[in-house]
Amino acid sequence: MKGRVLVVDDDEAMCRMLEDDLKRRGFCVEWRLSAADALSLVSSSDFDAVLTDVNMPGLSGIHLVEQLKTNRPDLPTIVMTAFGSMETAVSAMRAGAYDFVTKPIDTDILALALERVPPTQGRSAI
Amino acid sequence: MQLSLKLIGTAVLVILLLVAADGYLSYKRQTEVFSADMKKDARLLGHSIAGLASGVYVTGGESRAQRLVDDVNRSESEMHARWVLADAAAGDRFSPRVAGISASLLDRINDTSVVCSSGTASGFVCTYVPIELGSARRAYVEMSEPLRELRSYTWETARRSITLAITLVAAGLLIMWFVGAIYIAHPITQLVDKTRRISEGDLGSDLHLRGHDELTDLATAMNDMCAKLAAAADTIRRETERRIAALEQLRHSERLATLGRISSGIAHELGTPINVILGRAKIVATEGLTKDELVENARVISSQSDRMARIIRQFLDFARRPQVQRSASDMRAVIDQTVSLLSPIARKSNVTFSVLVDQTLRVTADQSQMQQVLANIILNAIQAMPQGGRITIATQREQARHPTKDGAQPGEYLAVSVADRGIGIPGEDLVRIFEPFFTTKETGKGTGLGLSIVQDIVDEHNGWVAVQSTAGLGACFTVYLPVGDDA
């Protein structure tokens with residue numbers, strides 16, 4: 001068991017793919033379709049990392065990162081940005097993201113990024 | 001009534017009047033001449049008899065003179081001679097046949113002729129010639145001749161005049177009917193037929209009339225006019241074709257500009273299924289999957305591929321230059337397709353759609369053009385809400401009257417409204433937004449043709465576009481499309 005990951009993306013197929021892939025790599029995965037639902041879940045459940053898309057209806061991924069930075073500064077976030085949109089990646093990092101991966105997602109690189117996140121309070125690195 | 005018949009009728013009437021007048025005058029003249037001849041003959045004969053009777057009276061006495069007068073009647077059948085006395089009482093054998101003629105009247109005139117129409121002398125002309133008896137007695141030879149011959153003669157004259165009139169009228173009628181048919185009715189029928197063909201748009205096939213008169217001049221003038229009209233129509237047609245081609249090119253360019261605006265959203269929309277497909281493919285490539293897991297991953301890859309194909313098809317459908325083709329179209333389907341096409345860019349701008357359409361909406365329209373109309377309006381609405389928001393698309397059937405067509409009758413229209421809560425349109429811009437190349441966007445952000453083309457397309461569908469907006473409170477564009485026969 002490598003740790004609990006919350007995947008946030010407005011596309012269910014993307015969430016399910018990431019869930020299947022990461023589960024096969026030993027992660028425990030939960031997913032939500034909006035940033036608001038994710039914030040709600042984070043307030044009641046404990047996660048080791050949050051993997052979020054940037055463009056979502058309602059609260060965007062950047063806003064989710066900012067909120068988590070305020071509410072859960074110990075919870076590392078990784079944002080998924082479009083290929084070539086370096087500005088978005090920089091904005092996410094400035095907002096407090098720990099790392100970013102570019103689309104199309106290479107799940108091997110994503111797994112490495114997740115494994116690299118620092119340990120949260122009370123547990124070791126995933 | 002045909003013109004030729006009117007002309008013929010008038011000419012025949014004139015001939016009839018002339019012949020009738022001539023016949024009447026001729027009849028009157030001949031009757032007078034005949035009557036005068038009758039009286040003259042009676043007087044001449046009367047004088048001869050009176051002269052002889054006067055001589056016999058001197059040599060043989062009154063009775064022999066009277067017998068002489070009576071003997072004249074043996075050889076003269078028509079004219080009757082009598083010995084009359086001016087002072088004889090009425091009913092006496094010697095009294096005048098003309099009742100009431102006085103001795104003083106007979107004395108005053110030497111000889112006279114009286115035409116009688118009443119009494120015993122009715123139907124006779126009576127001539128009185130005095131007989132010289134050489135005494136105080138006044139005797140006369142009364143020459144009476146029946147009017148039968150005169151009447152027979154006058155009737156014959158009248159009959160000849162009437163026969164001549166009828167013959168002349170019939171001959172005139174026949175000749176003028178032929179002449180009128182050949183020189184008037186036939187050319188005018190051809191001219192009318194030519195005019196009808198011109199009104200139906202047939203400007204070819206020149207009209208050639210025989211002869212050299214005003215009608216042939218008119219035919220030549222009409223042929224010249226048709227040639228000039230055909231040349232002008234050809235010029236207009238070529239100009240219209242060029243204008244339509246230019247307009248179509250402009251619309252297609254604007255369509256491509258619209259595609260440019262939505263392409264970034266499309267790229268993002270394609271990115272997600274590509275990610276899913278790549279991820280699923282990588283999962284499949286790993287070992288240790290159960291058969292069910294393999295099938296499930298293949299199913300997801302298939303559905304995501306379909307999703308990409310659908311997005312690309314929508315994009316290409318919109319980009320393709322369509323042949324304008326109006327047919328019974330379901331506006332609900334058009335709205336759904338347009339919303340689906342614009343969903344990526346809307347999502348990127350944090351804009352959501354609220355589509356309040358719950359039934360099939362049939363109008364006669366070109367689906368592709370209607371999609372362009374809605375896409376232009378919705379894209380403007382998305383751009384009007386930089387902070388995101390909601391666009392409400394609603395439809396409603398309304399009884400309305402076309403606002404810019406004079407004399408337009410109220411009819412049933414489908415009103416498709418697109419409302420946003422964006423920055424709105426200032427009043428001074430509101431009157432100009434449909435002008436070509438008018439834009440409030442930064443250079444390169446818009447062509448300024450979007451709403452102009454929207455208005456053109458809707459106008460071609462016999463509809464109109466209404467807009468309501470307050471600066472800072474959003475805008476609502478409503479497209480009215482006729483439902484039914486006007487569509």
Side-chain angles (χ1 to χ4, degrees), chain A residues 5 7-27 29 31 33-36 51-64 78-89 91 100-114, chain B residues 262-290 292-308 310-311 339 342-354 382 385-391:
Chain A
V5 178
V7 175
V8 187
D9 196 306
D10 61 326
D11 193 280
E12 186 177 335
M14 186 71 175
C15 290
R16 290 190 181 280
M17 186 275 288
L18 290 172
E19 180 186 23
D20 285 358
D21 186 274
L22 293 175
K23 275 184 176 174
R24 293 184 63 79
R25 296 172 191 270
F27 293 96
V29 179
W31 53 268
L33 295 173
S34 71
L51 177 65
T52 181
D53 189 20
V54 175
N55 289 314
M56 289 184 290
L59 208 57
S60 72
I62 304 290
H63 284 106
L64 175 64
I78 298 175
V79 293
M80 297 179 282
T81 62
F83 177 76
S85 58
M86 210 56 198
E87 286 178 8
T88 309
S91 298
F100 70 92
V101 288
T102 57
K103 293 179 177 178
I105 301 292
D106 183 333
T107 46
D108 292 336
I109 293 172
L110 174 64
L112 279 174
L114 284 169
Chain B
I262 63 178
S263 59
S264 62
I266 296 290
H268 178 263
E269 193 72 0
L270 286 173
T272 302
I274 287 173
N275 278 315
V276 175
I277 290 168
L278 282 173
R280 290 288 174 185
K282 190 165 272 184
I283 291 171
V284 170
T286 59
E287 293 179 356
L289 264 67
T290 64
D292 287 345
E293 287 173 329
L294 278 171
V295 170
E296 175 59 18
N297 279 294
R299 189 192 61 76
V300 173
I301 287 171
S302 173
S303 70
Q304 292 299 307
S305 300
D306 286 345
R307 179 179 168 185
M308 289 175 66
R310 192 172 63 250
I311 293 166
V339 166
L342 299 180
S343 284
I345 192 168
R347 204 161 27 244
K348 198 176 173 190
S349 302
N350 211 15
V351 170
T352 57
F353 289 107
S354 173
I382 291 171
M385 294 190 291
Q387 305 303 316
R390 180 183 294 270
I391 292 173

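The basis for the numbers below is simple: all heavy atoms, side chains too, and nothing from hydrogens, waters or symmetry mates. Protein chains get the first letters and strands the later ones, always in sequence-line order, with residue 1 at the start of each.
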Exercise. Stepwise, does the side-chain contact (heavy atoms from CB on, under 4.5 Å) test hold for I274(B) with K103(A)?
Worked result: CA-CA 9 Å; I274(B) 287 173; K103(A) 293 179 177 178; over 6 Å; no
Exercise. Does the side chain of T286(B) come within less than 4.5 Å of R24(A)'s, by heavy atoms?
Worked result: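 Heavy-atom side-chain distance check passes, below 4.5 Å.
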For this session: Before accepting this row, confirm whether a basic side-chain N of the pair R307(B)/D11(A) lies closer than 4.0 Å to the acidic partner's carboxylate O.
Result: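 A salt bridge is present here (some side-chain N lies under 4.0 Å from a carboxylate O).
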Problem set entry | Candidate list N297(B), V276(B), T272(B), test side chain to side chain contact (heavy atoms under 4.5 Å, CB included), partner M17(A), passing option |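 Among N297(B), V276(B), T272(B), the one that satisfies the side chain to side chain contact (heavy atoms under 4.5 Å, CB included) with M17(A) is V276(B).
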Exercise. Heavy-atom distance under 4.5 Å to chain A: side chain of I277(B), backbone, both or neither?
Worked result: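 It is neither, since no heavy atom gets under 4.5 Å.
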Problem set entry | Segment of E293(B) engaging chain A (4.5 angstrom heavy-atom cut-off) |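 Just its side chain gets close to chain A.
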For this session: Looking only at non-hydrogen atoms, find the nearest pair between P104(A) and L278(B) and report the distance.
Result: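 Looks like CB-CD1, 3.3 Å.
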For this session: Provide the closest heavy-atom pair for A13(A) versus Q304(B) in the form atom of the first, atom of the second, distance.
Result: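 In this case the closest contact between A13(A) and Q304(B) is CB-NE2, 3.1 Å.
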Exercise. Atom CE of M14(A) and atom CG of N275(B): how far apart are they, to the nearest 0.5 Å?
Worked result: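 Here the rounded value is 4.0 Å.
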Problem set entry | Top contributor to chain B interface from D20(A), D53(A), L110(A) [non-hydrogen pairs under 4.5 Å] |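 So the answer, after comparing D20(A), D53(A), L110(A), is D20(A).
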Exercise. Any idea which of D106(A), V54(A), D9(A), L18(A) has the most non-hydrogen atom pairs under 4.5 angstrom with chain B?
Worked result: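 Top count of heavy-atom pairs under 4.5 Å with chain B: D106(A).
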Exercise. What part of M56(A) gets closer than 4.5 Å to chain B, counting heavy atoms only: side chain, backbone, both or neither?
Worked result: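 Backbone only.
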